[in-house]
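One structure below.
Naming convention: chains lettered A, B, ... in sequence-line order (proteins, then strands); numbering from 1 in each chain.
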There are 2 protein chains.
Amino acid sequence: MNRTNGGGGANLYALRGYNAALMLDLLRSAGRAGISRLELAERTGLTPQAVSKITARLRDDGLVAEAGRQASTGGKPRTSLRLVPEAGHAVGLHLERDELRAVLVDLTGAVVGERRGPLDLGAGSEAVVEVAAREVEGLVGGVDGELGAVLGVGVAMPGPLDHTHGVLHRVTGFPEWDGFPLRDALARRLGMPVVLDKDTNAAALGLAVEGEVGSFAYLHLGTGLGAGLVLGGAVHRGAHTGAGEFGHQVIQLDGPVCSCGDRGCIEVLCLGAVARGDVDEAARVLGAGAANLVGLLDIDLVLLGGRIVAAEPERFVRGVGAVLDARAQREGASSPVPVRVASGGEWGVAEGAAQLLLAPLFGRAED
Amino acid sequence: MNRTNGGGGANLYALRGYNAALMLDLLRSAGRAGISRLELAERTGLTPQAVSKITARLRDDGLVAEAGRQASTGGKPRTSLRLVPEAGHAVGLHLERDELRAVLVDLTGAVVGERRGPLDLGAGSEAVVEVAAREVEGLVGGVDGELGAVLGVGVAMPGPLDHTHGVLHRVTGFPEWDGFPLRDALARRLGMPVVLDKDTNAAALGLAVEGEVGSFAYLHLGTGLGAGLVLGGAVHRGAHTGAGEFGHQVIQLDGPVCSCGDRGCIEVLCLGAVARGDVDEAARVLGAGAANLVGLLDIDLVLLGGRIVAAEPERFVRGVGAVLDARAQREGASSPVPVRVASGGEWGVAEGAAQLLLAPLFGRAED
DNA sequence: GCCCTTTAGCAACAGCGTTGCTTAAGTGGG
DNA sequence: CCCACTTAAGCAACGCTGTTGCTAAAGGGC
């Protein structure tokens with residue numbers, strides 16, 4: 001229980017919600033196998049009786065169900081509890097320059113429906129909102145049978161934008177999008193809550209929920225180079241959703257001119273090397289930036305993703321890893337920061353976008 | 001009310017402590033003038049009656065007192081409440097290679113006693129602990145009259161160390177300190193709680209408490225170059241207290257060799273320029289690193305400190321500011337990130353160290 | 001089959017912030 | 001000057017939280 005919610009005081013209602021979210025989060029990580037009431041009590045520090053009461057409420061709400069019994073340890077066996085996946089759903093929308101991906105996920109984050117189609121950001125905001133809305137409606141309507149409440153739509157896009165207000169700042173190449181309130185426009189059109197975030201943040205959130213613990217950086221190497229930062233389990237967006245601008249970090253003073261106007265940005269160096277076919281150099285440059293990040297933030301893990309990484313994953317992991325290993329050796333650290341390819345692949349951003357709506361249920365704060 | 005305390009559940013006792021800390025924090029920021037119960041209620045979202053109950057408990061504990069009345073706005077005038085400064089004290093200890101500074105501060109953070117003396121880290125751990133302990137005892141004993149409970153001692157030192165366990169990793173130039181459990185040794189010797197942290201973190205904490213809001217970076221340019229990061233009001237230390245290693249960020253790939261063994265670190269470039277007498281170049285290099293930091297973390301403010309900055313404050317502020325201004329212009333941001341010289345001066349680290357013990361009282365989480 | 005161990009729930013309870021109302025302490029109009 | 005009005009602060013009762021004490025349920029081992 002800490003102060004991050006804008007300095008607000010807490011009453012009994014807040015307390016209840018907090019503990020309920022805590023339980024749900026533990027139940028989610030436990031997965032299909034479930035977790036017993038007593039283990040929930042141990043993990044939270046609450047009394048078993050409190051856990052019984054809280055889980056009873058969650059069962060009444062249909063969010064939690066019993067899932068068999070565990071082996072006895074000499075007495076009455078523990079009853080496992082698990083999340084009810086179909087108790088709630090969320091849509092994740094990944095909008096790119098020329099393509100749209102949409103997923104419908106259940107409460108556990110499992111994908112129960114997906115769609116993919118062309119998109120033209122140049123067609124104007126109204127047309128794009130309409131296309132996106134139709135995809136969402138198709139996805140939600142296309143699933144047969146009873147569908148637990150759809151909590152809303154998470155939208156992930158590249159480029160600078162404002163998560164708090166759901167407004168786009170700029171969409172590279174399409175000045176007509178400047179300042180467009182995408183969140184509210186889509187919410188009004190669909191009649192359900194919408195949350196907007198950067199693609200890299202959505203991907204990082206998805207990875208955090210999937211089980212990556214502690215603090216890590218997700219580096220995305222695609223048409224641009226960006227990062228999603230997870231610090232202490234929460235996505236770090238900064239005051240204006242600007243955090244994670246990894247690509248325009250300068251690592252070569254007075255180096256070649258970058259598209260942003262500065263010189264020696266990691267993006268121009270890295271993508272330049274890729275263009276020359278020198279993947280090892282690209283990985284080395286990326287590694288230097290990653291090492292800067294690791295030192296600055298003391299993170300535990302670096303995850304790589306994006307089209308360019310996907311083309312040669314091992315070489316990038318090896319190249320970035322080499323730089324981090326060298327750094328660890330210089331520092332005398334016991335073990336270097338590991339580097340891996342992010343799971344999720346092409347759908348990772350859309351799945352993470354859906355988590356923008358699920359996360360609050362599990363006590364993952366908005367910031 | 002958020003989840004940062006290791007996943008623990010919250011009971012009524014935790015709720016009470018949380019709201020009490022919230023009140024104390026608001027009372028502290030209100031300073032000598034105080035703040036009315038109703039304003040506390042507005043700021044926290046709690047009902048006026050709840051505020052009355054909570055502040056009544058705090059008054060019973062002697063932490064809060066009435067401080068006059070405000071002007072009437074047509075009815076009964078509001079009663080101002082303020083912290084009782086002498087209700088608690090803490091010691092801040094700043095240990096450098098060759099010098100020791102110690103301050104005794106009251107609950108509001110005001111300095112009520114200070115000491116300064118030579119120190120030789122090469123004299124060995126036992127001797128240093130003894131010298132430090134004597135300074136603390138002298139400081140605590142030297143204040144006449146009733147002294148509210150001394151909560152403990154905050155110790156700030158350079159170099160890599162582990163805040164969580166209170167253990168030094170390395171002290172540059174003194175290998176015999178490797179792994180020394182300074183926190184526990186000093187705590188045993190003094191019989192009071194001790195908290196250990198990096199000097200830059202202590203300075204940043206002190207600045208955060210002094211009223212710098214939101215997220216900022218404190219860049220310290222002294223014998224080395226380090227940073228203290230405050231994100232969302234809390235010091236970001238990272239998993240192993242390693243965060244803030246700003247100086248060994250590479251900004252000149254394959255540049256000159258640094259003392260750390262890498263090439264093109266900001267520290268070797270910046271201090272090299274200072275050595276050549278080229279302050280403007282040093283400021284430009286520092287600015288490039290600051291711009292990287294601003295982009296990566298989306299912070300609101302950059303504060304400069306340390307001996308070298310103190311020698312030519314305006315030129316550093318101007319030089320770093322110019323780089324950040326150029327960056328803001330490229331980004332099309334409405335206003336550039338401001339740069340200032342950190343208040344606190346030579347005693348800033350020691351004062352911040354004392355806040356390591358006061359901060360928990362005011363709900364400023366340990367991490 | 002009995003005893004023991006362990007789990008889960010029922011009932012009473014202390015303590016939290018909230019609600020409804022009363023008292024305190026000012027201002028300002030007639 | 002006094003009285004009506006406004007605003008602040010506290011008292012009492014209340015609903016709800018997690019906790020405590022105890023009981024019932026359910027399995028294993030001798």
Which nucleotide in [options] has an atom nearest any side-chain atom of [X]:
{"X": "Leu38(A)", "options": "dA8(C), dT20(D), dG27(D)", "result": "dA8(C)"}
{"X": "Arg69(B)", "options": "dT18(C), dA25(C), dG9(C)", "result": "dA25(C)"}
{"X": "Thr79(B)", "options": "dA9(D), dT18(C), dG21(D)", "result": "dA9(D)"}
{"X": "Asn19(A)", "options": "dG18(D), dG17(C), dT7(D)", "result": "dG18(D)"}
{"X": "Arg57(A)", "options": "dT17(D), dA26(D), dG26(C)", "result": "dT17(D)"}
{"X": "Arg59(B)", "options": "dA25(C), dG17(C), dG10(D)", "result": "dG10(D)"}
{"X": "Ile54(B)", "options": "dG17(C), dA8(C), dA9(D)", "result": "dG17(C)"}
{"X": "Thr47(A)", "options": "dT19(D), dA25(D), dA9(D)", "result": "dT19(D)"}
{"X": "Gln49(A)", "options": "dG21(D), dT17(D), dT18(C)", "result": "dG21(D)"}
{"X": "Arg16(A)", "options": "dA8(D), dC16(D), dT19(D)", "result": "dC16(D)"}

Using only modelled atom types and a 3.5 angstrom limit, is any donor from either the side chain of Lys53(A) or the base of dT19(D) paired with an acceptor on the other?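 Answer is yes: a donor-acceptor pair is held.
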
Using a heavy-atom cut-off of 4.0 Å across all strands, would you classify Ser36(A) as base, sugar-phosphate, or nothing?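 Contact class for Ser36(A): none.
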
Classify the nucleic acid contact of Leu12(A) as base, sugar-phosphate or nothing, counting any heavy atom under 4.0 Å across all strands shown.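 Base contact.
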
Distance in angstrom units between [X] [atom1] and [N] [atom2], rounded:
{"X": "Leu22(A)", "N": "dT17(D)", "atom1": "CG", "atom2": "P", "answer": "16 Å"}
{"X": "Leu15(A)", "N": "dC16(C)", "atom1": "CG", "atom2": "C1'", "answer": "9 Å"}
{"X": "Leu46(A)", "N": "dG18(D)", "atom1": "CG", "atom2": "C1'", "answer": "8 Å"}
{"X": "Glu66(B)", "N": "dA25(C)", "atom1": "CD", "atom2": "C1'", "answer": "13 Å"}
{"X": "Leu40(A)", "N": "dA8(C)", "atom1": "CG", "atom2": "C1'", "answer": "14 Å"}
{"X": "Leu81(A)", "N": "dA8(C)", "atom1": "CG", "atom2": "C1'", "answer": "11 Å"}
{"X": "Met23(B)", "N": "dC16(C)", "atom1": "CE", "atom2": "C1'", "answer": "13 Å"}
{"X": "Ile35(B)", "N": "dA8(D)", "atom1": "CD1", "atom2": "C1'", "answer": "15 Å"}

For residues Asp106(B) and Glu86(B), determine if any side-chain heavy atom of one lies less than 4.5 Å from a side-chain heavy atom of the other.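 No. Closest side-chain heavy atoms not under 4.5 Å.
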
Contact check, side chains of Leu46(B) and Ile54(B), non-hydrogen atoms, under 4.5 Å: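 Leu46(B) vs Ile54(B): side chains touch.
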
Residue whose nearest DNA chain D nucleotide is more 5′ - Thr55(B) or Pro77(A):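 Here Thr55(B) is the residue nearer the 5' end.
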
Can you tell me if CZ on Arg32(B) sees more than 12 non-hydrogen neighbours from other groups inside 6.0 Å?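 No, CZ of Arg32(B) has 12 or fewer neighbouring heavy atoms, counting only those of other groups under 6.0 Å.
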
Any side-chain donor paired with an acceptor under 3.5 Å for Glu66(A) and Thr79(A)?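 No donor-acceptor contact under 3.5 Å links the two side chains.
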
Glu210(B) side chain to Ser343(B) side chain, donor-acceptor N/O pair below 3.5 angstrom: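 On atom types as modelled, these side chains qualify, holding a pair under 3.5 Å.
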
Phosphate oxygens OP1/OP2 of dG9(C): is one of them under 4.0 Å from a side-chain N or O of Ser52(A)?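 For dG9(C), OP1 or OP2 has a side-chain N or O of Ser52(A) closer than 4.0 Å.
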
If you compare every side-chain N and O of Arg37(B) against the phosphate oxygens of dG10(D) (OP1, OP2), does one of them come in below 4.0 Å?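 Yes, Arg37(B) has a side-chain N/O under 4.0 Å of OP1/OP2 on dG10(D).
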
Minimum heavy-atom distance between Gly8(B) and Tyr18(A), given as atom pair plus value: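 Closest pair (atom of Gly8(B), atom of Tyr18(A), distance): O-OH, 2.8 Å.
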
